Every structure is written in structure tokens, then in C-alpha cells.
Amino acid sequence: MLGYEPALRLGAFLSVLGLLLLAERLAPWSHPRALGWRRWLPNFGLVALGSVLVRLTFPLGVVAVAVWAQGAGFGLFHWVGLPFWVALPLAIVLLDLIVWAQHVATHKVPVLWRLHRVHHADPEMDASTGLRFHPVELWLSTLLKMAAVALLGAPPEAVLIFEIILNASSLFEHAAIRLPERLDRALAWVIVTPRLHRIHHSERPEETDSHYGFFLSVWDRILGTWRGAPAGELVLGVKGYRATGEQRLWRLLTQPLR
Ligand SMILES: [Zn+2]
């Protein structure tokens with residue numbers, strides 16, 4: 001399975017993206033989307049540049065760190081001697097919690113918020129918003145994940161599954177789709193749905209400071225950052241950075257400096 005890592009990750013990414021683009025046409029969220037696909041070039045451009053940066057600086061990637069930890073017997077799970085069938089799900093759940101905490105930090109630490117603000121400044125939402133992260137933020141997330149994987153001694157299979165889940169979750173929760181209400185409410189008990197994540201993209205500060213989850217919705221429920229519904233009509237984006245001219249790739253790359 002690990003030998004096919006790039007193919008598995010790319011295959012999952014393209015399949016999920018294709019399905020969501022189709023779902024956005026078949027069951028669209030009725031929120032106005034004046035720019036629509038015109039945001040795709042900058043949004044996809046950011047993730048492409050970020051991927052090149054990560055690839056050049058960490059050519060072997062996060063899964064390779066797990067393979068190294070396994071070989072060296074390094075990390076909490078190896079020291080404790082956890083069996084694989086416990087380590088696999090536990091690693092996925094703990095990595096999701098770490099990404100949740102990282103997300104909170106990107107909102108609370110001013111210099112990190114400048115990077116993460118590029119993601120929030122999207123004045124509209126669709127699956128491409130799930131890829132719109134400043135290359136430096138993507139690089140820092142990769143560094144954090146590598147450290148977490150090493151310290152946990154997470155099994156390589158768990159890391160590969162988590163990377164695929166995290167990527168698919170990010171595309172899914174930003175997608176401009178409207179799920180049937182009962183399905184949405186059932187899913188929201190376990191995972192973050194687009195309805196929940198849109199609350200996080202509201203410009204109202206108390207709503208931006210809620211729903212930090214990426215994959216499992218449980219962290220917001222138990223850690224006190226759950227709201228469940230917006231206070232009124234959703235206004236997406238960040239004040240001062242919503243203009244069409246601000247959505248160009250170069251403006252997004254330099255936005256943290258302004
Ligand atoms: Zn955020």
C-alpha cells in the first residue's frame with residue numbers, strides 16, 4: 001500500500017474533487033457566488049505552489065517519517081508497545097486532534113493568523129476553498145505533522161489514511177453543496193459537514209472562533225467551540241480583503257505582509 005502512496009493520494013484527491021464538483025451542480029448551496037470559477041486559478045495556484053515548496057524541502061513526505069519511526073522503534077506508540085490494531089485508529093484520531101489544535105493556534109497567534117487569513121479571505125466558498133492555503137501555512141502544517149507523527153510513532157498506514165481523509169474532508173466541508181437536512185444532522189454527529197464549517201467562515205468573530213474541526217466534529221463539541229448554527233445571514237470572508245482585486249494569486253501570496 002505504501003509503495004503506491006503518491007498514486008493513492010492523487011487518485012483519492014481527484015475522485016473526491018470530481019464528485020464534489022458534480023454535487024455542487026446537482027445539489028448547490030444557494031448562497032450567491034458571483035466570482036465562482038474565477039477564484040479557481042488563484043485557489044488551485046496556491047495549493048500547487050505550496051505542494052512544490054513542501055516537495056522541495058521535504059522530498060520524502062510525512063509517511064516516510066512514520067516509516068523511519070517504525071524502523072527505529074521511535075515514538076510513544078513503539079515505547080508503550082501498542083498493538084497495530086490499536087495504534088492505527090488511535091493515531092488517526094490523535095492526528096485529527098493535533099490538526100484541530102493547530103487550527104485554533106492559527107486563529108489566536110497573530111503571525112499565524114496573517115497566513116491563515118488568506119484562506120478565510122475567500123469571499124465565496126466551494127471545494128476549491130479547501131485548497132486555498134498560503135504556501136507557508138501548508139509548509140508549517142507539514143512540519144508540524146511530521147513532528148507529531150514521529151513523536152507518536154504513528155504507523156505509516158495510519159498516516160497515509162489520515163492524509164487522504166484530511167484532504168478529502170477539507171474539500172468536502174468547503175463544498176458549495178446542500179445536503180438533505182436529516183443526512184446533514186446525522187453526519188454532523190461524527191464528521192464536519194459543509195453546514196458546520198461555513199459557520200467558521202463567517203465574518204462575525206464569535207462564529208469564526210467556532211467549529212475548528214477538519215475531520216471529526218467531536219473536538220468542537222467537547223472542547224467548547226461548538227455553535228451549531230449561525231446567528232443570522234452568513235457573510236463570508238474577511239473585512240478589507242474581500243474585493244475581487246484581492247483574489248489574484250499575487251495578492252494572496254503577499255496578503256500576509258499587508
Ligand atoms: Zn480557520
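Read the numbers this way: they start at 1 and go in the same order the structure lists the ligands and their atoms. All residue numbers in this chain count up from 1 along the given sequence. Bear in mind the structure is a predicted one, so any value in this text is a computation, not a measurement. Atoms considered below: every heavy atom in the structure, side chains included; atoms not considered: hydrogens, waters and symmetry mates.
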Give a yes or no answer on whether the side chain of H174 reaches the backbone of S170 with a donor-acceptor pair at less than 3.5 Å.
-> yes
Checking R204 side chain against G232 main chain: does a donor-acceptor pair fall under 3.5 Å?
-> yes
May I have the step-by-step check of side-chain hydrogen bond (donor to acceptor under 3.5 Å, both in side chains) for S128 and R132, ending in yes or no?
-> CA-CA 7 Å; S128 79; R132 173 180 160 134; over 6 Å; no
Distance filter under 2.8 Å, centred on the Zn ion (ligand 1) - protein N, O or S atoms that pass it |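 Counting only protein N, O or S atoms under 2.8 Å from the Zn ion (ligand 1), the list reads H103 NE2, H107 NE2, H116 NE2, H120 NE2, H200 NE2.
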Quick one: side-chain hydrogen bond (donor to acceptor under 3.5 Å, both in side chains) pairs with a partner in residues 15-26, sequence neighbours left out?
->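 Qualifying pairs, neighbours excluded: none.
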NZ/NE/NH1/NH2 to OD/OE distance under 4.0 Å, K145 and E163 | yes
May I ask you to say whether E173 pairs ionically with R198, meaning some side-chain N is under 4.0 Å from a carboxylate O?
-> no
